[in-house]
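See structure below.
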Amino acid sequence: MTAALDLLDLDPSLTDEERQIRDVVRQLVDDRVRPHVADWYEQGQVPARELAREFGKLGLLGMHLTGYGCAGASAVAYGLACQELEAGDSGLRSLVSVQGSLAMYAIWRYGSGEQKQRWLPSMATGEAIGCFGLTEPDHGSDPASMTTRARRDGDDWVLTGAKMWITNAPIADAAVIWARTDEGVRGFLVPMDTPGVTAREIRRKMSLRASVTGEIALDDVRLPADAQLPEAIGLKAPLSCLTEARYGIVWGAVGAARDCLETTLAYATTRTQFGRPLAGFQLTQAKLADMAVELVKGQLLALHLGRLADAHRLRPEQVSVGKLNNVREALAIARQCRTILGANGVSGEYPIMRHANNLESVLTYEGTSEIHQLVVGQRLTGISAFA
Ligand code: FAD
């Protein structure tokens, strides 16, 4: 971030390696994303496969995982990469999160040796794209009620059901699908070219338009016994994957907010009304100061959670604190920045409205803000208020 925005001197508290990774990703975003992202967003089309290969070359896919061609980076380094990607666009951070923290993590954590060998190296390079199917048309916040079913037929499994709002589904080579079995929820690794699998793109999204989202229909999909993720027992398996991805969002949301504030600072110091720059009005300075304070608080929170993760001490409800706060505040910053740009704030020539619209999805996916409030509430009170 610009030196002016680093109010708390967080930059020097990063290691040289962390700063280096951040700068490399920032450069990639500057070169490869910023010149095109407004068009991708407007057209609702993004060269996701091409970008995945470029992200793969830099080691950004499954970056925090070890072995199988993954970079084995620290949680903080991964978070910094998410921050830079989302400063470009939440859709690109989503591509990396879903690939690395949902699809790859599920295979890495719960898969068999053969499943890992088959999929992780090609997913790490971006040659293969993965997706993660938990949400269904009728079951979002409450995945325990899922109706997608996997039944045994001899040694095979047969999957029937539908998954909805699945990032990358229309371009994926493989999906991690969560389904109900007689023994409870289990995960399955489903090649997308398996007969009975169809993926349809969801169009007319007003948010995350530079990200491919789809619905997956599973119509008597026959899979061999070894398609099951052997170590994934119960709903806690997909929920652990979500904790991984939410951690990246804690950082990513700050990136989107930072991009809004950097844009706004530059605008407010050059745009003149009533004979002085917008930044010279006290009302504008109050907005800028409040936003910068929230931004650095969000960065401190992300860094703290990252250091906890690297010490293997990060708990899921702490990730909820981070996701709840940082996405909510990033959205508030984006909306406030928009006011300072006046009419230009609604224009696609500036990134602000795009970030604000994207953050509406980020507020909802990976656990809505209400669900994270309930997680924190349960931790505080000892009472589950979900149902
Ligand atoms: P609902 O669960 O129907 O919730 C609607 C509202 O009710 C929300 O405000 C919610 O907070 C509130 N609510 C629900 N239950 C309670 C409660 N107990 N107490 C108080 N309030 C409650 N899913 C995947 O599996 N994989 C993906 O890759 C993926 N990508 C996505 C990409 C995009 C762009 C979007 C928008 C969504 C994606 N999702 C994905 C789905 C996402 O995770 C769900 O939308 C989310 O979990 C919320 O579910 P829902 O939309 O069904 O809302």
Side-chain angles (χ1 to χ4, degrees), residues 41 44 46 48 86 89-106 129-148 161-172 174-179 185 187-188 190 192 199-218 232 235 237-246 248-249 252-253 256 320 323-324 327-328 331 354-378 381 383-387:
Y41 190 90
V46 58
E86 197 149 352
D89 192 272
S90 304
L92 303 172
R93 198 268 310 136
S94 300
L95 171 66
V96 168
S97 290
V98 169
Q99 178 87 345
S101 288
L102 292 179
M104 291 176 72
Y105 179 78
I129 302 280
C131 66
F132 183 90
L134 180 64
T135 304
E136 301 186 348
D138 294 331
H139 307 283
S141 301
D142 179 18
S145 300
M146 69 173 68
T147 54
T148 296
K163 297 291 175 179
M164 188 71 181
W165 293 108
I166 307 306
T167 302
N168 293 347
I171 57 162
V176 172
I177 296 287
W178 300 95
V185 171
F188 297 87
V190 183
M192 293 299 278
R200 196 178 59 85
E201 185 165 355
I202 296 173
R203 298 243 170 230
R204 296 199 183 152
K205 275 183 301 164
M206 297 299 168
S207 172
L208 278 190
R209 291 180 54 75
S211 170
V212 191
T213 319
E215 119 177 58
I216 301 176
L218 302 155
L235 199 59
L239 295 185
S240 73
C241 302
L242 293 178
T243 300
E244 292 291 305
R246 288 165 180 165
I249 294 175
S320 287
K323 200 228 172 207
L324 175 61
V327 181
R328 189 166 60 186
L331 189 52
R354 176 168 53 78
H355 283 307
N357 285 351
N358 282 339
L359 287 165
E360 294 289 349
S361 283
V362 182
L363 194 73
T364 286
Y365 71 20
E366 306 282 349
T368 65
S369 47
E370 292 80 8
I371 292 300
H372 290 295
Q373 285 174 317
L374 293 178
V375 171
V376 176
Q378 183 175 6
T381 63
I383 303 168
S384 167
F386 286 88

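Numbering of ligands and ligand atoms starts at 1, following listing order. This chain uses plain numbering: 1 for the first residue, then up along the sequence.
For the residue pair Y365 and S94, a side-chain donor N or O sits within less than 3.5 Å of a side-chain acceptor on the partner.
In this structure, M146 CE and D138 CG are separated by 13.0 Å, a value rounded to the nearest 0.5 Å. In this structure, CD1 in I171 is found 4.5 Å from CD1 in I129, a value given to the nearest 0.5 Å.
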Practice item. For the pair F386 and D142, evaluate side-chain contact (heavy atoms from CB on, under 4.5 Å) and give the outcome as yes or no after the intermediate values. Key: CA-CA 9 Å; F386 286 88; D142 179 18; over 6 Å; no
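Protein residues are said to neighbour a ligand when one of their heavy atoms lies under 4.0 Å from it; for ligand 1 these are F132, L134, T135, G140, S141, W165, I166, T167, L208, S361, T364, Y365, E366, T368, E370, L374, F386.
Not a single side-chain hydrogen bond (donor to acceptor under 3.5 Å, both in side chains) links R246 to another residue, sequence neighbours left out.
With hydrogens and angles disregarded, no donor-acceptor distance shorter than 3.5 Å links the side chain of T364 to the backbone of S361.
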